[in-house]
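Structure record follows, encoded as structure tokens.
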There are 2 protein chains.
Amino acid sequence: MSIPTLGRRSRPGSLGLFGFGAFGRLAARHLASHFTIRVFDPALDPGEPLPPSVAASTLERAAECDVVVLALPVEGMADALRGIAPHLRPGALVLDVGSVKTDPARLMDELLPAHVDVVATHPLFGPESARGGLAGLKIALCPVRGRGLRWIEAFLRRAFGLEVVVTTPEAHDREAAMAQGLTHLIAKVLVEMGPLPERITTRSFDLLREAIGMVRNDAPCVFDAIERANPHAPAVRRRFLELTAALGARLDAPPPA
Amino acid sequence: MSIPTLGRRSRPGSLGLFGFGAFGRLAARHLASHFTIRVFDPALDPGEPLPPSVAASTLERAAECDVVVLALPVEGMADALRGIAPHLRPGALVLDVGSVKTDPARLMDELLPAHVDVVATHPLFGPESARGGLAGLKIALCPVRGRGLRWIEAFLRRAFGLEVVVTTPEAHDREAAMAQGLTHLIAKVLVEMGPLPERITTRSFDLLREAIGMVRNDAPCVFDAIERANPHAPAVRRRFLELTAALGARLDAPPPA
């Protein structure tokens with residue numbers, strides 16, 4: 001592999017970052033000391049000042065890097081993959097970072113040339129939860145093809161102190177449908193309920209409010225990926241609704257004598 | 001008042017504790033270094049070893065104390081008040097500790113003799129959330145009658161580092177219907193949903209799980225008080241259900257073109 005191996009290279013390799021939304025920016029900030037980063041995002045303002053070792057780039061130049069990171073909405077993935085596929089170099093490592101894994105992993109496997117390695121990833125954090133740094137936060141890695149897993153796993157642990165969870169796209173989506181599907185659903189509803197109490201609060205409610213604060217400003221495409229693109233999310237949501245309605249009905253009924 | 005004033009008395013006063021459930025025990029543990037405690041609870045095993053300065057007592061002897069704390073289920077409150085009323089001493093301070101305040105405050109005002117002071121309280125914590133100590137946790141105080149408020153407020157701040165929120169029973173119940181009503185409802189449903197993911201979890205979901213862990217073992221009478229005895233809980237619950245169902249319907253519909 002032509003990607004930098006920790007401690008074995010003095011000059012960092014190149015990293016092509018597709019998508020410069022909230023997560024792309026977070027990634028660039030943390031990766032800039034390890035790679036020369038070329039950003040491709042048609043929405044990027046050419047006048048925007050970027051950190052050292054991060055530069056706006058053409059699609060072609062960003063796709064020619066040692067590592068290619070796709071920080072794009074899930075629904076834009078297929079088009080993006082078709083666009084970059086002809087420009088990827090043999091031995092490059094391609095990663096995505098979306099909140100669902102089954103579809104993106106399949107698309108990357110189908111649409112990318114055989115000469116690149118592919119790992120589907122889901123950093124289980126965002127701009128809010130990473131405010132205090134990355135150490136101890138989690139990232140899920142789903143090996144799709146090639147030899148990139150071992151390296152990226154070691155790099156993420158050593159460089160950032162991330163907790164790496166290696167899993168399959170299917171197992172990931174099943175658990176994420178509960179973990180993220182329920183958190184984002186509950187957060188959205190509680191935000192809609194209007195101002196939450198701040199004086200009469202228990203520690204458990206304070207934790208709930210803190211959880212809401214971490215996801216309430218996530219981009220709409222993150223909410224959509226979690227609630228719509230995850231194949232298990234609708235069933236989890238339906239179960240939550242049924243159990244809530246049943247509990248509400250029990251509570252509204254006269255208490256048992 | 002005949003209750004001990006901090007720093008003005010060398011010998012602690014007496015405290016009658018009615019109810020020795022999970023919260024009564026927590027209270028006894030923390031209050032034992034400040035008061036001689038007489039516990040009245042018909043369910044108390046006479047052979048149970050109690051901490052120093054805590055002793056089982058008759059109803060009459062417990063009711064004759066300087067401070068009387070009612071750590072009873074809300075639905076047993078009226079009967080208990082009628083039972084202890086004839087034995088209360090002039091100048092005694094009577095406190096309750098339940099999760100709702102409107103009904104208990106009214107009952108204490110109606111059923112207790114004019115010669116006692118009354119403060120309705122709601123410690124906004126329980127055995128789980130108080131595991132790490134009381135400092136920084138909250139307690140709501142609703143003055144009902146007499147001069148006990150100033151003293152109890154100062155005592156709780158100085159002796160335990162509690163954050164004291166002075167409010168009215170009505171304002172308390174309105175906020176608690178959101179804070180506790182929603183937390184306990186959501187926790188009960190998530191527990192019913194079965195084992196929650198532990199590997200693929202975000203920080204926000206970890207907070208949600210932590211919140212659930214704090215309330216899932218609360219006594220059923222605590223859940224009942226929060227969800228049934230709080231006059232505002234049913235409306236909050238209905239709104240949560242309606243908004244969740246509406247959001248679910250929007251998510252299940254085809255995405256807007």
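Remember, predicted model here, so these are calculated numbers, not experimental data. Per chain, numbering begins at 1; letters A, B, ... match sequence-line order.
- The OG atom of A/S129 lies 10.0 Å from the CG atom of B/D206; values are rounded to the nearest 0.5 Å.
- Note that OG1 of A/T202 and CZ of B/F125 are 11.5 Å apart. Values are rounded to the nearest 0.5 Å.
- For the residue pair B/A211 and A/S204, the shortest heavy atom distance occurs at CB-O, 3.4 Å.
- Of the two parts of A/L185, the backbone and the side chain both hold a non-hydrogen atom closer than 4.5 Å to a non-hydrogen atom of chain B.
- Contacts of residues 94-110 of chain A with chain B at a heavy-atom distance below 4.5 Å are absent; not one residue qualifies.
- A 6.0 Å sphere centred on CZ of B/R145 holds more than 12 heavy atoms belonging to other residues, nucleotides or ligands.
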Point to revise | side chain to side chain contact (heavy atoms under 4.5 Å, CB included) between A/T244 and B/R237, worked out | key: CA-CA 9 Å; A/T244 308; B/R237 198 157 61 227; over 6 Å; no
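- Within residues 18-29 of chain A, no residue has any heavy atom less than 4.5 Å from a heavy atom of chain B.
- A/R228 contributes a side-chain N or O that, together with a main-chain N or O of B/L251, makes up a donor-acceptor pair within less than 3.5 Å.
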Which donor-acceptor pairs under 3.5 Å do the side chains of residues 186-200 of chain A make with protein atoms, sequence neighbours left out?
residue	atom	partner	partner atom	Å
A/E192	OE2	B/R250	NH2	3.3
A/R199	NH2	B/V166	O	3.0

Point to revise | Trace of the side chain to side chain contact (heavy atoms under 4.5 Å, CB included) decision for A/L208 with B/L207 | key: CA-CA 7 Å; A/L208 195 58; B/L207 291 172; over 6 Å; no
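- For chain A, the nearby part of B/A253 is the backbone; its heavy atoms alone come within less than 4.5 Å.
- Scanning residues 173-181 of chain A against chain B with a 4.5 Å heavy-atom cutoff picks out A/E175, A/A176, A/M178, A/A179, A/Q180, ordered by number.
- Options B/E227, B/R238, B/R239, B/E210 differ in how many heavy-atom pairs under 4.5 Å they form with chain A, and the most are formed by B/R239.
- Atom CZ of A/R203 sits about 11.0 Å away from atom NZ of B/K138, to the nearest 0.5 Å.
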